[in-house]
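Following this message is one structure expressed as structure tokens.
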Amino acid sequence: MLQIYNSLTNRKEPFQPIMPGKVRMYVCGMTVYDYCHLGHARAMVVFDMVVRYLRAQGYEVTYVRNITDIDDKIIRRAAELGVSVQELTERFIRAMHEDAAALGVLPPDHEPRATESIDGMIAMIQKLIDEGYAYVADNGDVYYAVSRFPEYGKLSGKRIEDLRAGARIEPGEAKRDPLDFARWKAAKPGEPSWPSPWGEGRPGWHIECSVMSTACLGNHFDIHGGGVDLKFPHHENEIAQSEAATGEKFVNVWMHNGHVRVDDEKMSKSLGNFFTVREILAKYRAEQVRYFLLASHYRGPLNYTAEALENAGSALERLYLALRGLDSQQPADLQAEPLYYERFTAAMDDDFNTPAALAVLHHLAREINRRRQTDPLAAARLGAILRELGGMLGLLQDDPERFLRAGGSGTGLSDDEIEALLERRRQARADRNFAEADRIRDELKAQGVIIEDGPQGTTWRRT
RNA sequence: GGCUAGGUGGCAGAAUGGUCAUGCAGCGGCCUGCAAAGCCGUGUAAGCCGGUUCGAUUCCGGCCCUAGCCUCCA
């Protein structure tokens, strides 16, 4: 039975979909004004893993991940770069899709954009005004009246009094209460704007997620995810808006992934200590990065270090080495070796414990290596299971030989050149000229090629 | 200051009231012409102080420390 840690109740709960066999899930995507950094990548990979596992367990999943393509930072960035808001957002949406694909992140079923949901936002804001949850201020802004929603703070565990003590009102705002937040911002000159019953303007943050999620998934759905930094105020405000507007419970299970850190500090744009996915992929293999992201539990912090990335690469290489040379035509019969499948499932059912699930993959690799000489058929069957379970994590889907020969760092030698050197070495070994054979091996090693002499001949891989 | 996580071996990182995590690195052995890969074996642990218990890394309390949120953020 799948247990998921619910941020709303702060404990693990058995997962019960609203509609049997179906899961409706929404995850907050990016605000597209720059390239994805590793923190964004973590969120994408973590929830991709969740979707893959749910599907592998037989659930029919509808997965929505939005794009926020209008907000203050986007407007500012476009102005800085001297391009239109649309040019800017298109550029970074394309980049985000490239990064996601590289990391093995499947496209969501729906990817709504804020700018395509303005009508829905206006409708929801109007509803909030009609119901008394929002008001039009003197300056033309529309604010949500937090005091009207008694359950405000239930997700983040905050009390309204505490929040009010630290809250402040920015110049130019016309809130009745410091906690109130803008739902519609009156247009300023030169900014993108849309017509509304309250005049030209643009939506405030938070409303787009309430609108896009309920539009795609209904007023009440199963899972809502995002980084922990969105818990407050973003998700708190989403609940306040959605439940006030629809009168229904919004989301059953809230899932929050932990931060990526650098030197024990949160990786973030404002601290400037971030690494973009592009920078990282220039140095490390995409699947290695994915392994790294899944090698610690999704709710915990994840420290970014070169050592950890290299460690992930070695661990992944071990799994591919186990798969190399096996008969890949064997079907994956998970029930044939129930021990591994049961342990894998037990790990994943425990709030998506991917580190424990990866340990099961390594147990499989060891068993394959033990048996590959004495019982190749059994080894191949275990290999099929290893690939199948790896697939549930979005790993091990590459051809092992291809993966190992590709290596991480580029080498100057082409495949043909390597093969030619290996042929010369074969001859040298046949002549028992080991000095020459070793010289060629050292030459290859200097070029980043590791060779292995086995019973079936010599194999090679790039480091 | 308020709220929330957490402090595990050389590093990363799980589970667990008494027995193996796992990976990387180390050491010994096997295999190999020598390597590599692999297999076998092995060492290293639980922030500090109390308490509960036959027994605690695991439960409870206090303290110390770290991170996050409280303002834009995945």
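Just the heavy atoms: all of them, side chains too, but no hydrogens, waters or symmetry mates, feed the values below. Everything numeric here is computed off the predicted structure, so don't read it as measured data. Letters go in sequence order (proteins before strands), and every chain restarts at 1.
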For this session: Return the orientation label for the A:Tyr304 and A:Phe292 ring planes: parallel under 30°, perpendicular over 60°, tilted otherwise.
Result: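 Plane angle over 60°, so perpendicular.
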Exercise. Among the nucleotides B:C34, B:C69, B:G33, which one has an atom lying closest to any side-chain atom of A:Arg432?
Worked result: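 Side chain of A:Arg432 sits closest to B:G33.
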Problem set entry | Pairing nucleotide - B:G6, Watson-Crick or G-U, each distance under 3.5 Å |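 When the pairing criteria are applied, B:C65 turns out to be the nucleotide that pairs with B:G6.
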Exercise. Over how many whole Å does the gap from A:Ile418 atom CD1 to B:A36 atom P extend?
Worked result: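 Taking CD1 of A:Ile418 and P of B:A36, I get 19 Å after rounding.
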Exercise. Aromatic rings A:His224 and A:Tyr26: how do their planes relate, parallel, tilted or perpendicular, breaks at 30° and 60°?
Worked result: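 Geometry flag for A:Tyr26 against A:His224: tilted rings.
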Problem set entry | Base paired to B:U52 (Watson-Crick or G-U; both N/O distances under 3.5 angstrom) |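 Here B:U52 is not engaged in any pair, so there is no nucleotide opposite it.
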For this session: Describe the nucleic acid contact of A:Asn257 in one word from base, sugar-phosphate, nothing, applying a heavy-atom distance below 4.0 Å.
Result: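 Base, at least one base atom sits under 4.0 Å.
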Exercise. Which value, in whole Å, describes the distance between the C1' atoms of nucleotides B:U52 and B:A12?
Worked result: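 B:U52 and B:A12 have their C1' atoms separated by 34 Å.
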Exercise. Hey, is the side chain of A:Arg366 poking within less than 4.0 Å of OP1 or OP2 on B:C40, counting only N and O atoms?
Worked result: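 Answer is yes, contact under 4.0 Å.
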Exercise. Base, sugar-phosphate alone, or nothing: which one does A:Gly227 contact when heavy atoms must sit under 4.0 Å apart?
Worked result: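 Sugar-phosphate contact only - A:Gly227 comes under 4.0 Å of backbone atoms but never of a base.
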Exercise. Between the base of B:G68 and the side chain of A:Asp229, is there a donor-acceptor distance below 3.5 Å?
Worked result: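 Such a pair does not exist between side chain and base.
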For this session: Classify the nucleic acid contact of A:His256 as base, sugar-phosphate or nothing, counting any heavy atom under 4.0 Å across all strands shown.
Result: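 A:His256: no heavy atom of the nucleic acid under 4.0 Å.
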Review item, side-chain donor-acceptor pairs of residues 389-403 of chain A, under 3.5 Å, at least two apart:
unit_1   : atom_1 : unit_2   : atom_2 : d
A:Gln397 : NE2    : A:Arg387 : O      : 3.1
A:Gln397 : NE2    : A:Leu395 : O      : 2.9
A:Asp398 : OD1    : A:Arg402 : NE     : 3.1
A:Asp398 : OD1    : A:Arg402 : NH2    : 2.8
A:Asp399 : OD2    : A:Glu401 : N      : 3.4
A:Asp399 : OD2    : A:Arg402 : N      : 3.0
A:Glu401 : OE2    : A:Arg405 : NE     : 3.2

Problem set entry | Nearest-neighbour nucleotide for the A:Asn311 side chain, B:G33, B:C11, B:C39 considered |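 Among B:G33, B:C11, B:C39, the one nearest the side chain of A:Asn311 is B:C11.
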Exercise. NA contact type, A:Ala43, heavy-atom cut-off 4.0 Å: base, sugar-phosphate, or nothing?
Worked result: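 The answer is sugar-phosphate, as A:Ala43 gets under 4.0 Å only of primed atoms, P, OP1 or OP2.
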For this session: Provide the Watson-Crick or G-U wobble partner of B:G43, both distances under 3.5 Å; none if there is no partner.
Result: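 None - no nucleotide pairs with B:G43, as no candidate has both distances under 3.5 Å.
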Exercise. Backbone N or O of A:Asp141 within a donor-acceptor pair of the A:Asn139 side chain at under 3.5 Å?
Worked result: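 Indeed, once roles are kept as given, a pair shorter than 3.5 Å links the two residues.
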For this session: Mind checking A:Gly29 for me? I need base, sugar-phosphate or nothing, with any heavy atom below 4.0 Å counting as a touch.
Result: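 It contacts sugar-phosphate atoms only.
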Exercise. Reckon A:Lys269 touches a base, only the sugar-phosphate, or nothing at all at heavy-atom distances under 4.0 Å?
Worked result: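 Touches nothing.
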Exercise. When we call it a touch if two heavy atoms are under 4.0 Å apart, what does A:Glu307 touch: a base, just sugar-phosphate, or nothing?
Worked result: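 A:Glu307: backbone/sugar contact only, no base atoms under 4.0 Å.
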Exercise. Across the strands shown, which category fits A:Asp162 at heavy-atom distances under 4.0 angstrom: base, sugar-phosphate, nothing?
Worked result: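 Touches sugar-phosphate only.
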